[in-house]
Amino acid sequence: MSLIKGREIPTAIVAFAMIVNLIEYYIDIPAISSLATLSRNWAIVISAFAVGIGIIALLSPHMQKIQRKETDWPFSVYMIALMIIMIAFGLIGTIGTNPTFSWLYKNAQLPIVSATNSLLGLFIFSAAFRAFRARNIEASLMLIAAIFVMLGNAPIGASLWNGFPVIKNWLYDIPNAAGMRAIIIGAAIGVLIIGIRTLFGLKRR
Amino acid sequence: MEDKTTQENDKSIGEKILAMDRRILHTFLFILVILPLVFPLALPVPITDLSLMSYDMIENIPEDSIVLCKFDIGSSYFDECQPGTIALGQHLFNRPLKLVFIAFWASDAPGILLDLTFPKIDFHGKEYGKDYVFLGYVLGGETAMAALGSDVHSLISTDYFGDPIEDMPLMQEFKSAEDLSAIVMVGAGDEPIVIRQLAVPYDLPFVVNTMANSVPILMPYVKSGQIDGIVNGLRGGAEYELLINKPGLALSATDAISLTHLLVVAVIIIGNLAYFESKRTRHIKKNNLEAEN
Amino acid sequence: MQIMRVPQLTILIIAIISSYYYVSEAKKGKVHKIRRLPSLDGLDEIIQRSVELGGTVHFTTGAGERAGLHGPGGPQILAGLDVLEYVSKKTAQYEVPLLATTGNPEVVPMMNSIIRDNYLAEGKLAAFRQDIVQFYSNEQRSHAAVLMGKFKREKITANIMIGPLWAQTLLLAESAREAGAIQLAGTANLHQISFLVAICDYVLIGEEIFAAGAYLSQDPFQIATIKAEDVIRLILLVTLILGIILTNLNISLLSDVLVM
């Protein structure tokens, strides 16, 4: 029992997966490749279990809400009913190909997602009005760059002045690419180190 | 109430503009999106280098080659990337290529492709199993992509419809990423994963149809040659429709794109003018107060 | 047996060796310093404000189909959980209500464990409730829709978003701003950084989120690994400069080595 509750088994599993996948990525050994493929298939299966955890995590507070008749509890009933309907139709026939499921997805979920996406456009608009102020030199540079990029991106920009796309391309290719490269490389190093820190347990307990 | 009215009257024009209800701005935006859809202006749409590069890459794929079509068109990108996906898909089917459709990130991609994208594409009588295969959504993300690169048949045994792939002529040719000639992707965010797991290790040309806000991030990859072309969201979709000579939804939306971009620029300029005006007014009021005291 | 990707393997080995070297120095008592991160200094202010206003602190690692632990967002989620350690400790200390949300079901037990442990350490276990951690959906817009409603209806005075943030970032940030919440956000998803900079009060850009845990906890081991990052950064910088010089001299030695 102590073996199951202890850290040894999880550590051994992590070590196995790490060693096998790292070796496979850098050294070409067929036996290791098949073990690495096996460990990746395990990872795929385990990640599928997360869906089950998600359903439990979602149902649990809503069921409590319904039981205790808390504020807005009818919406919890509605949510659970919708979830059951989608799961049921999704499982009938070959998974995900049921016509009712497809209809519900196309005519309910997609339009709702599109409507939420449209909020992004509105929010960007009001954020741009509020945020792009020439308060100091850096903000002014950002403002000028933003204007040129927007006019360069707009199809009509080139018709207004053929310099807009040229300036936009220069901004994309030189300052933007340089900044992005720096952030990408920095983030990649950060990911590498946090991976090493997590896998080797380099954290004071 | 009188005090509030007095306060409101004391506000300068700049302050009033800055305090404007944002719903007024949203109304302007809404009008400029709807109007050109109802009354098209047919504003010009120049074709950018990124779209041309994408088109050229697909045009230059050798005949009878196998192309991996990682069409992760989920609900998140549907609005922006769907027209470009249709245009790209049509171009791929126009050419004598063998296409393998797969999704690694968007679990709803297969449904969208089958119900909404493929019906708008002319398949030119191509045969399923021989000229194209639909593998559907494969769970596992980067792990699955790595597995696909090394051994497809260890990752997937059936297609999306449940039929064994080992019987399909196309899948008998496609064993690993070594058998591919190009990758065409729809989606956003996992381009670096495709680059490191498939495009660079197997030296494959790679074209992406992605959202406009991802394009600046992908420019370093374009400059280094790891990405061979980008279809830039809705605008890129419009350009691609022009390139394949099949006008569609994206082209009809370009008027709205142009006008709303101009509106945003105008609003930013007005906002800044209002900001400086309100700053100047506050400065004058402060000086007047000090003079009175 | 063929060794592939030699340059990447070299960097990995150097990263592991330097991590272990600096950690062993830390074990001997040597204290490394990392530069000030002004955005993280604002975290205390954010939580204090919630104490003063009697509101709730909201923390999220984000949501999205690819924001799971097994995906590219995995390291960012771990970075977010490091910040949650600090946030939950402080909210327990100051007895401020905490709401921790995530769009990844596999993160729910991890968040529960972190918050519970910190509440226990602060002697405030009675204040810990199972519903502190909530999962709404892994679909980012569903997650955003729930939170947008919460920002409007409930008194959320602080919004902290650290992790793989996707399109819902703008929705959440703008809704929180309208509700009057003070915000700290950080992500390594580059396409969202511009929105965060425009809307949030404090922002962590890219690799700063990976240093956040070390900075906040002042754990000498974690700081030692940040020091190891600097070694890699220095190597890459030297390689870059060398590459620029050699390329301009038409010498392809470095580029040939780097594609091995």
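Since the model is a prediction, treat every value here as computed from it, not as a measurement. Lettering of chains follows the sequences in order, A, B, ..., and the numbering in each one begins at 1. Side chains are part of it too, since the values below use all heavy atoms of this structure and drop only hydrogens, waters and symmetry mates.
- Only the side chain of A/I196 comes within less than 4.5 Å of a heavy atom of chain C; its backbone N, CA, C and O stay farther away.
- For the residue pair C/Q183/C/D201, the side-chain donor-acceptor check at 3.5 Å is not satisfied.
- Residue A/I53 touches chain C through both its backbone and its side chain, counting heavy-atom pairs closer than 4.5 Å.
- For C/I209, no part lies near chain A; criterion is any non-hydrogen pair under 4.5 Å.
- Judged by distance alone, the side chains of C/Y215 and C/D82 never bring a donor and an acceptor atom under 3.5 Å apart.
- Contact annotation for A/T116: both backbone and side-chain heavy atoms come within less than 4.5 Å of a heavy atom of chain C.
- No hydrogens or angles considered: nothing links the side chains of C/D131 and A/Q64 as a donor-acceptor pair under 3.5 Å.
- Most heavy-atom pairs under 4.5 Å with chain A, from the set C/I232, C/I11, C/L190: that is C/L190.
- Of all the listed residues (C/T169, C/V133, C/I226, C/L12), the one sharing the greatest number of non-hydrogen pairs under 4.5 Å with chain A is C/L12.
- Heavy-atom distances place both the backbone and the side chain of C/I16 under 4.5 Å from chain A.
- At least one cation-pi condition fails for A/R135 and A/F132: the charged atom is not both under 6.0 angstrom from the six-membered ring centre and inside a 45 degree cone around its axis.
- Looking only at heavy-atom pairs under 4.5 Å with chain C, the residue among A/I27, A/L22, A/I193, A/L192 that has the most is A/I193.
- Annotation: C/H191 is in aromatic contact with C/W166 [ring centroid separation under 6.0 Å].
- Heavy atoms closer than 4.5 Å to chain C are found in both the backbone and the side chain of A/L119.
- Under 3.5 Å, the side chains of C/S19 and C/T225 contain no donor-acceptor pair of N or O atoms.
- Ring planes of A/F164 and A/F148: tilted class, angle from 30 to 60°.
- Looking at C/A79, the atoms closer than 4.5 Å to chain A (heavy atoms on both sides) sit in the backbone and in the side chain alike.
- There is no contact between C/A145 and chain A, counting heavy-atom distances below 4.5 Å.
- Contact annotation for A/I112: neither backbone nor side-chain heavy atoms come within less than 4.5 Å of a heavy atom of chain C.
- Heavy atoms of A/I194 lying under 4.5 Å from chain C belong exclusively to its side chain.
- Comparing C/L171, C/V197, C/L78 by heavy-atom pairs within less than 4.5 Å of chain A, the highest count is held by C/L171.
- Among C/I199, C/I193, C/L240, C/V108, the residue with the largest count of heavy-atom pairs under 4.5 Å with chain A is C/I199.
- Of the two parts of A/I29, only the side chain, counted from C-beta on, holds a non-hydrogen atom closer than 4.5 Å to a non-hydrogen atom of chain C.
- At a 4.5 Å heavy-atom cutoff, A/I23 makes no contact with chain C through either its backbone or its side chain.
- One finds a salt bridge joining A/R130 and C/E174 here, because a Lys/Arg side-chain nitrogen approaches an Asp/Glu carboxylate oxygen to under 4.0 Å.
- Counting heavy atoms of neighbouring residues, nucleotides and ligands inside a 6.0 Å radius, atom NZ of A/K168 exceeds 12 of them.
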Verify salt bridge (charged side-chain N to carboxylate O under 4.0 Å, His left out) between C/R233 and C/D230, making sure each step is shown before the conclusion. CA-CA 5 Å; C/R233 203 170 283 121; C/D230 283 346; 2.7 Å; yes
